[in-house]
Amino acid sequence: MTDVIDGNAVASEVRDGLGDAIETLDEAGVTPGLATVLMSDDPASQTYVSMKQRDCTEVGIEAFDYELDPSTPADELYDLIDELNGRDDVHGILVQMPVPDHVDSREVLRRIDPAKDVDGFHPENVGRLVAGDARFKPCTPHGIQKLLDSAGVDPEGKEAVIVGRSDIVGKPMANLLIQKAAGGNATVTVCHSRTQNLEAHTRRADIVVAACGVPELVTGDMLSEGTVVIDVGVNRVDADTEKGYELVGDVDYDSAESKARAITPVPGGVGPMTRAMLLWNTVKAASEAAEVDVALP
Ligand code: NDP
């Protein structure tokens with residue numbers, strides 16, 4: 001029987017655990033705060049930011065909401081980041097990507113105080129992750145580690161194949177899975193658009209993490225029996241629905257499910273975990289800034 005990994009349920013457990021940590025902080029007079037900065041008219045980006053703000057409010061994190069018109073000069077965004085870096089009530093800063101072309105996205109990532117970089121994308125935090133001394137694990141791969149753990153899958157000694165090498169998913173996922181630490185110790189292969197014969201890699205995998213942004217690229221015939229399949233993809237494809245589209249992953253669910261030992265659905269798999277781990281990082285940032293010890297779930 002295939003285990004369908006319920007990301008909503010695991011995310012809900014994480015949020016409950018964070019509730020205890022937030023209570024401990026509250027007793028010490030600290031309310032964790034997350035500032036979100038949106039500089040885009042893109043409806044998907046707007047939805048992501050409003051969901052993150054709602055998540056915060058639900059668990060007792062204060063959400064500070066900043067919206068800049070996409071035509072705003074880059075310096076105004078940099079100045080806002082500087083201001084947020086200096087505020088004691090803001091423990092985490094998230095600038096929703098992508099930013100408009102006239103803004104240097106690398107400057108944005110470098111500008112955020114690494115101690116408030118709850119996405120984990122600042123070069124200092126990337127370096128710490130690679131060095132095995134992570135301050136903030138990027139939310140999506142961290143959430144996937146939790147999902148694997150919840151399904152009783154220990155990556156140690158396993159062949160893990162990641163499809164995609166982006167800075168936000170593929171690379172940090174690879175870095176987490178090769179760490180000599182709990183949740184790591186896998187033998188990792190990272191595939192990308194120039195990889196020859198993708199299925200030769202996925203077929204020998206014990207764990208496949210699909211993060212390529214290509215609808216249903218990974219099909220059941222590319223997998224061996226008993227593979228654990230983590231589908232990161234969120235793709236809108238035209239469909240005869242009320243909205244005119246449906247969401248599909250980077251895995252062809254029906255064919256993959258028949259091969260998989262465990263699989264994440266889309267939606268309801270990785271997505272809720274990405275959101276939960278942002279809260280996790282914000283609570284960690286607040287506890288470190290306030291020097292209050294909390295137990296993180
Ligand atoms: P990117 O577009 O930044 O990266 C895609 C990666 O996939 C690239 O490394 C690219 O290779 C590789 N790739 C593209 N086509 C192929 C192919 N045919 N075969 C093998 N590799 C290929 O995407 P992201 O990492 O940002 O996101 C990936 C997916 O995950 C998207 O669907 C996105 O919406 C989703 N996502 C979901 C999240 C969640 O919480 N559920 C969070 C973040 C992303 P190359 O480097 O050579 O171009």
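Read the numbers this way: they start at 1 and go in the same order the structure lists the ligands and their atoms. These numbers come from a predicted model, not from an experiment. Here, residue 1 is the first one in the sequence, and each next residue gets the next number.
Residue pairs that meet the salt bridge (charged side-chain N to carboxylate O under 4.0 Å, His left out) test with at least one member in residues 137-166, sequence neighbours left out, are Glu159-Arg204.
Taking atom 11 (O) of ligand 1 as the reference point, the nearest protein heavy-atom neighbour is Ser193 N, 3.1 Å. When only non-hydrogen protein atoms are considered, atom 39 (C) of ligand 1 lies nearest to Thr274 OG1, 3.7 Å. Nearest protein heavy-atom contact of atom 34 (O) of ligand 1 is Val234 O, 3.3 Å. Annotation: atom 7 (O) of ligand 1 to nearest protein heavy atom, Cys212 CA, 3.1 Å. The protein heavy-atom contact nearest to atom 37 (C) of ligand 1 is Val232 O, 3.1 Å. In terms of protein heavy-atom proximity, atom 44 (C) of ligand 1 is nearest to Val169 CG2, 4.1 Å. Scanning the protein for heavy atoms near atom 42 (C) of ligand 1, the closest one is Thr140 OG1, 3.4 Å. Atom 8 (C) of ligand 1 has as its closest protein heavy atom Arg165 N, 3.9 Å.
Ligand 1 has no nitrogen or oxygen under 3.5 angstrom from a nitrogen or oxygen of Ile168. On a distance-only criterion, Arg194 and ligand 1 share no N/O pair closer than 3.5 Å. For a threshold of 3.5 Å applied to N or O pairs, the pair formed by Val163 and ligand 1 contains no separation below that value.
Residue contact check for ligand 1: Gly170 places no non-hydrogen atom closer than 4.0 Å to it.
For atom 20 (C) of ligand 1, the choice among His192, Met277, Arg236 with the nearest heavy atom turns out to be His192. Nearest residue to atom 25 (O) of ligand 1 from Gly269, Cys139, Gly271, Ser166 is Ser166 (criterion: closest heavy atom). In the candidate list Val266, Leu217, Thr202, Leu217 is nearest to atom 18 (N) of ligand 1, counting heavy atoms. The option from Gly249, Pro215, Gly213, Ala44 that lies nearest to atom 29 (C) of ligand 1, judged by heavy atoms, is Gly213.
For Arg110 and Glu124, the salt-bridge test fails: no basic side-chain N is under 4.0 Å from an acidic carboxylate O.
Distance screen at 4.0 Å: atom 46 (O) of ligand 1 has a protein heavy-atom neighbour inside the cut-off.
Residue contacts with ligand 1, taken as heavy atom pairs separated by less than 4.0 Å, do not involve Thr195 at all. At a heavy-atom cutoff of 4.0 Å, ligand 1 is contacted by no atom of Asp167, backbone or side chain.
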